[in-house]
2 protein chains.
Amino acid sequence: MSDKLPAYQTIKRHVLSRIQDGTWREGDAIPTEEALAREFGVSRMTVNRAIRELSDEQIVERVQGSGTFVAQQKYRATLVEIRNIADEIAARGHRHRSELQLLERTRATESLARRFGIRAGDPLFHSVVVHLENELPIQVEDRHVNPQVAPDYLSQDFTNQTPNAYLMRVAPLQGVSFEIEACTPPASVGELLQMRSGEPCLVLHRQTHSRGQVASVASLWHPASRYRFAGSF
Amino acid sequence: MSDKLPAYQTIKRHVLSRIQDGTWREGDAIPTEEALAREFGVSRMTVNRAIRELSDEQIVERVQGSGTFVAQQKYRATLVEIRNIADEIAARGHRHRSELQLLERTRATESLARRFGIRAGDPLFHSVVVHLENELPIQVEDRHVNPQVAPDYLSQDFTNQTPNAYLMRVAPLQGVSFEIEACTPPASVGELLQMRSGEPCLVLHRQTHSRGQVASVASLWHPASRYRFAGSF
DNA sequence: GAGTGGTCTAGACCACAAT
DNA sequence: TTGTGGTCTAGACCACTCC
């Protein structure tokens, strides 16, 4: 075996795999430094470095005097976080509601096939959902989903659960790439968002990866007058 | 004195301040772990932690067998990086040129005063620069600068050096907050960017902090048809 | 008071770079 | 060969949480 890995790396991997295989879930305590030191036959300082790095990476959270716990999954992202739009609206103290406009089986166009890494004509799932904040439309979510990653996508109830929340649950997020642009919306989107004519959209195109495949390609359209991306660091 | 700071923190601060005050410049070697351990009267492991954290933060770069060196300044940022627009254009293999439209001393409006944490009427510097990629305008940079942070701002040549590059050099970046919006540009901006009427702008509003103060408040206007923000993780 | 993480020591051996 | 960083040990004391 490759015994070349430093001990602290081995310990990091061990803890990570326990979290990823579900043995230790969000909020669970993981073994103490002392216990891990005994288990791996290393000194406490070595374990300390391993766990401190996981803590820096926000994989675990440490509380002095109490213990080390698996952190809540965070999807830092768009410079901001990839937050569920429902949570984002709730955080503002407003009410979220979503309307399902479309949920269908379709076939990949040339352009979609390229982005998913499949062949044109291969099956894809497609959904269009409008998200409302206090009954005012704030986002049109136009999403294509890889059936191999989420085969039950079409049978979900997307008025109770956003597509994003569902995908996060069934497909562990590995990576995200995105683009933000400003553009004039197509008429159909302008209508769903009840925009005055001539108002631009702020659009986030996002592609998520899971289990080595492209899981989902989404375009999120927002009326310029009602939405901004913000962040700091 | 507050002796409460852990030793490794004290060492980190010491190294950081040497870099920020210019004693150690980009590419310079900093003292060895052994030397710092002697200087601060601590063990090498403690110095190692301090410098390793600076290395994680990309403040310094370590080369085994060789030494520790001050890293090139990188401005990770907009979800992406806070890259100098000139570098960004150069990375695409294109030619960057900038035109200085305005460079003046002005006074803070109520709204600017709030953002800078100063009083309305206090002095501010103001610049407007147009950035061109292959002679096509791609960004209008409208920037206000805190004179306390960059007193020599007005005497710079901003056709050879972007305001951003100058500020990065004289004012160590501590933090950034930003907002991205889509909007219809005011006529003056639309003209500078040679936009067709009705085309929206993609705007990045950015506020940078340095030495505990707000250093700069900038609005970066981009024609929607020629610019996107992109990133991945 | 018992258990946990936060920090630190004074050594050690190794891998790698420069010479 | 010498000097540097990379890693590790087997202890230690402290601050904090929980009971």
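Only this structure's heavy atoms are used, side chains among them; waters, hydrogens and symmetry mates stay out. So you know, we letter chains A, B, ... as the sequences are listed, proteins then strands, and number each from 1.
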- Considering residues at least two apart in sequence or located in another chain, which fulfil the salt bridge (Lys or Arg N to Asp or Glu O under 4.0 Å) criterion with B:Glu33? B:Arg44, B:Arg62
- Under a criterion of less than 4.0 angstrom to any heavy atom of chain B, what are the 5'-terminal and 3'-terminal contacting nucleotides of DNA chain C? C:dT7 to C:dA17
- What residues, two or more places apart in sequence or in another chain, satisfy salt bridge (Lys or Arg N to Asp or Glu O under 4.0 Å) together with A:Glu34? A:Arg38
- Would you kindly give the CD-to-C1' distance between B:Gln64 and D:dG5, to the nearest whole Å? 5 Å
- Note on the structure: Residues in residues 34-53 of chain A with a heavy atom under 4.0 Å of DNA chain C, by number, are A:Arg44, A:Met45, A:Asn48
- In chain order, what residues pass the side chain to side chain contact (heavy atoms under 4.5 Å, CB included) check against B:Gln148, with sequence neighbours excluded? B:Asn146, B:Gln213
- Item | Residues forming a ring-ring contact (aromatic ring centres under 6.0 Å, His included) with A:His205, sequence neighbours excluded | none
- Query: End-to-end bend of the helix from C:dG1-D:dC18 to C:dA18-D:dT1 (five-pair axes, 10° rounding)?
  - Reply: 10°
- By side chain to side chain contact (heavy atoms under 4.5 Å, CB included), B:Arg97 pairs with (sequence neighbours left out) B:Arg95, B:Glu99, B:Leu132, B:Glu135
- DNA chain D: 5'-proximal contact among B:Gly65 and A:Gln9 (nearest heavy atom): B:Gly65
- If you look only at pairs with a residue in residues 108-119 of chain B, which of them pass as a side-chain hydrogen bond (donor to acceptor under 3.5 Å, both in side chains), with sequence neighbours excluded? none
- Message: Let's go through A:Glu141 and A:His131 carefully: what are the C-alpha distance in whole Å and the side-chain angles of both, what is the deciding distance for side chain to side chain donor-acceptor pair (under 3.5 Å) to 0.1 Å, and is it a yes or a no?
- Response: CA-CA 8 Å; A:Glu141 171 189 352; A:His131 297 275; 2.7 Å; yes
- Item | Residues forming a salt bridge (Lys or Arg N to Asp or Glu O under 4.0 Å) with B:Glu57, sequence neighbours excluded | B:Lys12
- Message: So, using ring-ring contact (aromatic ring centres under 6.0 Å, His included) as the criterion, who are the partners of A:His209 when residues are at least two apart?
- Response: none
- Among residues two or more places apart or on two chains, list those pairs meeting ring pair (Phe, Tyr, Trp, His ring centres under 6.0 Å) that have a residue in residues 133-157 of chain A. A:His126-A:His144, A:Tyr153-A:Phe158
- Task: Mind calculating the distance between CD1 (B:Ile30) and P (D:dT4) to the nearest angstrom?
- Result: 12 Å
